[in-house]
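Just so you know, residue 1 is the first one in the sequence shown, and it goes up from there. First listed ligand is number 1; within each ligand, the first listed atom is number 1. Atoms considered below: every heavy atom in the structure, side chains included; atoms not considered: hydrogens, waters and symmetry mates.
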Amino acid sequence: MALSGKTAVVTGAAMGIGQAITEKLLHNGAKVVLLDVNESAAKTLVENLSKQYGQDRTLFLSCNVESEEQLKAAFEKTVDTFGGIDILCNNAGILNENEWEKSVSINLLGVIRGTYVALQHMNKLSGGRGGVVVNTASMAGLGPLITCPVYTATKHGVVGFTRAMAGASAASGYGIRFNVICPSFVQTEFLSDPNSKMGQFSHLADVIEQMISKAGTLNVSDVAESVLEMVTDETKNGEALMIFSKGKHYVTFPSM
Ligand SMILES: NC(=O)c1ccc[n+]([C@@H]2O[C@H](COP(=O)([O-])OP(=O)(O)OC[C@H]3O[C@@H](n4cnc5c(N)ncnc54)[C@H](O)[C@@H]3O)[C@@H](O)[C@H]2O)c1
Ligand SMILES: CCCCC[C@H](O)CC\C=C/C=C/C=C/[C@@H](O)[C@@H](O)CCCC(=O)O
């Protein structure tokens, strides 16, 4: 898929991995709608991106992925502004084992909500142009992160949902590919003050420190490059891409 003239929606776009995905898509010719709850960070980012890429290539819409109403409004505004949606990156996520129900609502239900609202606009069977959805899971979506059991559950759910949607879309003729990225530790705000995010498991904080020192951390640009690969390579559907400091690897899952 060539990105020139294509429209992307990125959730959690105001900073971190979402910002890097946004910049990568813009640099490769797409228009990008940034959805986030952090209005100040997003507005500053869009101001800078507009100077670099032009006024008509970006749009920020305040949107909490926990709200179907806000997602519906954001996608409708996107279509009204840019004529359609070709790419969706469900990237927004948190780590909070204290407020674990909020983690589920954002990390897993937010991906499902975003996907189902976007389907109404992207599905070729309902007048859409087709396209691609790339969801942000984690290595914790492939194996347990023992300090964050609920986070692990949400990311496993994102992997499973994405792969099932890939199959359903192909079997139904939606014209939409679904893929998921599974990064290891990435140098963003997300990793700050991990103890405060692990709730009843904060006594296991040294496990994370050992893992990070062993695994190292990725740059956000490493992750964004992998997203670009899954967006542009039209052979990719139902793929999970592990991204770690030593490289990246498409996951081979057991076949039933
Ligand atoms: N940083 C890592 O080590 C790492 C590794 C693997 C996967 N991930 C995943 O990558 C994604 C992005 O993480 P990051 O490292 O860039 O974190 P980050 O905290 O730097 O950025 C997350 C962004 O999402 C936004 N956001 C949070 N809740 C939201 C909501 N309800 N609605 C809309 N936007 C919301 C935040 O405002 C922020 O701009 C998350 O899904 C995370 O689980 C992170
Ligand atoms: C507090 C930081 C949480 C960051 C969460 C991010 O999503 C990044 C997750 C990164 C790596 C997760 C790895 C999970 C590994 C498990 O599958 C298991 O293999 C861990 C084994 C630990 C060990 O090496 O002994």
Quick one: look up the protein heavy atom nearest [atom] and list residue, atom name and how far away it is.
| atom | value |
| --- | --- |
| atom 24 (O) of ligand 1 | G12 CA, 3.3 Å |
| atom 31 (N) of ligand 1 | N64 OD1, 2.9 Å |
| atom 27 (C) of ligand 1 | I94 CG2, 3.9 Å |
| atom 33 (C) of ligand 1 | C63 O, 3.3 Å |
| atom 22 (C) of ligand 1 | G93 O, 4.1 Å |
| atom 16 (O) of ligand 1 | I17 N, 2.8 Å |
| atom 40 (C) of ligand 1 | N91 O, 3.3 Å |
| atom 1 (C) of ligand 2 | L95 CD2, 3.4 Å |
| atom 16 (C) of ligand 2 | P144 O, 3.1 Å |
| atom 6 (C) of ligand 2 | Y151 OH, 3.4 Å |
| atom 8 (N) of ligand 1 | Y151 OH, 3.8 Å |

Nearest protein heavy atom under 4.0 Å from atom 21 (C) of ligand 2, yes or no: no
Flag side-chain contact, heavy atom, 4.5 Å: T7 against I87: no
Give yes if a backbone or side-chain nitrogen or oxygen of [X] is under 3.5 Å from a nitrogen or oxygen of ligand 1, and no if not.
| X | value |
| --- | --- |
| D36 | yes |
| A13 | no |
| V65 | yes |
| T188 | yes |
| V186 | yes |

Of all the atoms in ligand 1, which lie at a distance below 4.0 Å from a heavy atom belonging to [X]?
| X | result |
| --- | --- |
| N38 | 37 (O) |
| G16 | 16 (O), 20 (O) |
| L191 | 3 (O) |
| V37 | 29 (C), 30 (C), 32 (N), 33 (C), 34 (N), 35 (C), 37 (O) |
| T136 | 9 (C), 10 (O), 11 (C) |
| M15 | 20 (O), 21 (O), 38 (C), 39 (O) |
| K155 | 40 (C), 41 (O), 42 (C), 43 (O) |
| F185 | 3 (O) |

If you measure every N/O of K214 against every N/O of ligand 2, is any gap under 3.5 Å? yes
When rounded to the nearest 0.5 angstrom, what is the spacing between [atom1] in [X] and [atom2] in [Y]?
| X | Y | atom1 | atom2 | result |
| --- | --- | --- | --- | --- |
| Q19 | I17 | CD | CD1 | 11.5 Å |
| M230 | C89 | CE | SG | 11.0 Å |
| Q120 | E76 | CD | CD | 8.0 Å |
| S196 | N96 | OG | CG | 8.0 Å |
| Q70 | L61 | CD | CG | 10.5 Å |
| M242 | C182 | CE | SG | 8.0 Å |

Derivation of the side chain to side chain contact (heavy atoms under 4.5 Å, CB included) call for V133 and N179: CA-CA 6 Å; V133 176; N179 294 301; over 6 Å; no
Just one of K248, K24, K236 clears the salt bridge (Lys or Arg N to Asp or Glu O under 4.0 Å) bar with E229, so which one? K248
Under 3.5 Å donor-acceptor, E234 side chain and M1 backbone: yes
If we ignore hydrogens and angles and just use 3.5 Å, is the side chain of S169 paired with the main-chain N or O of M165 as donor and acceptor? no
Search all heavy atoms of G5 against all heavy atoms of D86 and return the closest pair with its distance. O-OD2, 4.4 Å
Looking at Y116 versus F161, is the centre-to-centre ring distance below 6.0 Å? yes
Given M198, M211, M242, which one has a non-hydrogen atom that is nearest to atom 15 (C) of ligand 2? M211
I want to confirm something. Looking only at heavy atoms, which of L191, T136, T188 is nearest to atom 2 (C) of ligand 2? L191
Charged tip of R163 within 45° of F253 ring normal and under 6.0 Å: yes
Enumerate the atoms of ligand 2 whose separation from the nearest heavy atom of [X] is less than 4.0 angstrom.
| X | value |
| --- | --- |
| S138 | 6 (C), 7 (O), 8 (C), 9 (C) |
| G143 | 16 (C), 17 (O) |
| M139 | 11 (C), 12 (C), 13 (C) |
| P194 | 1 (C) |

Classify the side-chain pair N38/S40 by whether it contains a donor and acceptor separated by less than 3.5 Å. yes
Regarding T162 and N135, is there a side-chain donor-to-acceptor distance under 3.5 Å anywhere? yes
Spell out, yes or no, whether V220 and V227 are grouped together once hydrophobic residues are joined by side-chain heavy atoms under 4.5 Å, including indirect joins. yes
Any non-hydrogen atom of S105 lying under 4.0 Å from ligand 1? no
Heavy-atom gap T11 to ligand 1 smaller than 4.0 Å: no
Mind checking whether H27 and Y53 have parallel, tilted or perpendicular rings, split at 30° and 60°? perpendicular
Carefully, step by step, assess T188 and M15 under the rule side chain to side chain contact (heavy atoms under 4.5 Å, CB included). CA-CA 8 Å; T188 71; M15 63 176 69; over 6 Å; no
For ligand 1, which part of S184 has a heavy atom less than 4.0 Å away: the side chain, the backbone, both, or neither? backbone
Which is it for A137 and ligand 1 at heavy atoms under 4.0 Å: side chain, backbone, both or neither? backbone
Give the C-alpha distance, both sets of side-chain angles, the deciding distance and a yes or no for side chain to side chain donor-acceptor pair (under 3.5 Å) between N219 and S221. CA-CA 5 Å; N219 295 319; S221 54; 4.7 Å; no
